[in-house]
Amino acid sequence: HRRPASSWTTCWGRAQARSGPGSGSGPGSGSGSMNVFNREMKRRQKNWAAVLQDGHQYDYLREEVKLGFGSVRFGIQVRSFPLVLDLGGGKSYIAEHLSKFILCVVFQKLGRRSDIPTRSVVADEEFLPFRENSFHLVVSSLSLHWINDLPRVLSEQIHRVLKPDGVFIGAMAGGDTLYELRCSLQLAQSEREGGFSPHVSPYTAVTDLGNLLGRARFNMLTVDVDDVQVHYPGIMELMTDLQGMGESNCAWNRRSMLHRDTMLAAAAVYKEMYGNPDGSVPATFQILYMIGWKPHESQAKPARRGSATVSFRDLAKVSRPDGADQS
Amino acid sequence: MSGSNVWSRSRERLRRFPELLAQCADEAAVYGKCVAATTTGKQELKKDVCAKEFEALKTCFTNAAKKKTR
């Protein structure tokens, strides 16, 4: 089911992207901190999902992300990271192939079972109770898209607790995630009720992620996008699964009720606009993977301006391997 | 805490939603097409622009629901 999201429907009022700090607010602005999500509600949702009887049936997305982390696209030299912080741990278990000891910051009651010695701390990712320069590696899998003030968390929390030459690896839902759901609900609600309210979170666009990481003073950035498409029988099954994953909406501006007629309308619109030939409907999860390193003298830096010793003009004179003339 | 209350009834209704909708696939497709047409055409999406199609869908849906409860 891994294929790029093919059809793009123009859906006006497309989710306002959570833009990076490019909109003029510097690190010191501190004016009105972003407060999009009700974190207390998210904690309750996650706790509820964590104790579900067959909660593991909702783990497929996390499994997918775990595979994504393990893939070679990452190019992190395999080395051991003695102390790892796993943000929003719970059932995410990606750090296992990288480390010997993991400290988990969990939002939900049940930590995850693991073969590696693990300690769980119940804390809020936006206020990490750790000293600076503590960890060799910080990972975060599918939890950053619920953070309210992402720029601050990246720079003042994650960057701070990393040791110099430490690395941050993250995966979060971004940009186009669940656009089919968002559009279907929006269209159906407009037609049925004359207006619409947001039902899907705002996501960070992949184009903003580089900025965000750079502003948080991470070096040697890598950003990668993976569109995961999952097929469901219909909109209800999709929403049930989202709930089971603990990924239900918790934005402050959400409307707690969805009118029955609107649900029916949205189901019809979803199937008609995005449905597959076999009657199922796709849902896109655009996973953004990112790596950033905390600066350290040992890291390669761009060369100083004017320090070049060769010119592009000399490219033509570069000798060819089959024994042409050399310069 | 036992027996049927408004929460268990409404959850039960939600559970049946997909199977009921499946019985009204044609009406759903017609309504869906009507709404989808507004995203491409010059016609704006306003309230009740596809009211007729939706009524047909809703009627089919409620009929299917009535049939099942018998």
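In what follows, every chain begins at residue 1, and chains take the letters A, B, ... in the order their sequences are listed.
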I'd like to know if the side chain of A:Thr204 pairs up with that of A:Asp208 as donor and acceptor (distance under 3.5 Å, no hydrogens or angles considered). no
Measuring heavy-atom distances to chain A, does B:Arg13 have an atom under 4.5 Å in its side chain, in its backbone, in both, or in neither? side chain
Using heavy-atom distances under 4.5 Å, tell me whether A:Glu191 contacts chain B through its side chain, its backbone, both, or neither. both
Segment of B:Lys46 engaging chain A (4.5 angstrom heavy-atom cut-off): backbone
Would you say the side chains of A:Asp241 and A:Tyr60 form a donor-acceptor pair under 3.5 Å? yes
A:Glu237 versus chain B, the contacting section by heavy-atom distance below 4.5 Å: side chain
Contacts of B:Cys34 meeting side chain to side chain contact (heavy atoms under 4.5 Å, CB included) (sequence neighbours excluded), chain-then-number -> B:Cys50, B:Glu53
Taking everything shown except B:Lys52 itself, do over 12 heavy atoms lie less than 6.0 Å from its NZ? no
What part of B:Ala22 lies closer than 4.5 angstrom to a heavy atom of chain A: side chain, backbone, both or neither? neither
Counting heavy-atom pairs under 4.5 Å with chain A, the top scorer among B:Cys24, B:Ala25, B:Ala51 is B:Ala51
Between A:Gln186 and A:His199: side-chain donor-acceptor atoms closer than 3.5 Å: no
Looking only at atom types and distance, does a side-chain atom of A:Asn148 sit under 3.5 Å from a main-chain N or O of A:Phe37, one as donor and one as acceptor? yes
In terms of heavy-atom pairs under 4.5 Å with chain B, the winner among A:Lys271, A:Arg192, A:Met236 is A:Arg192
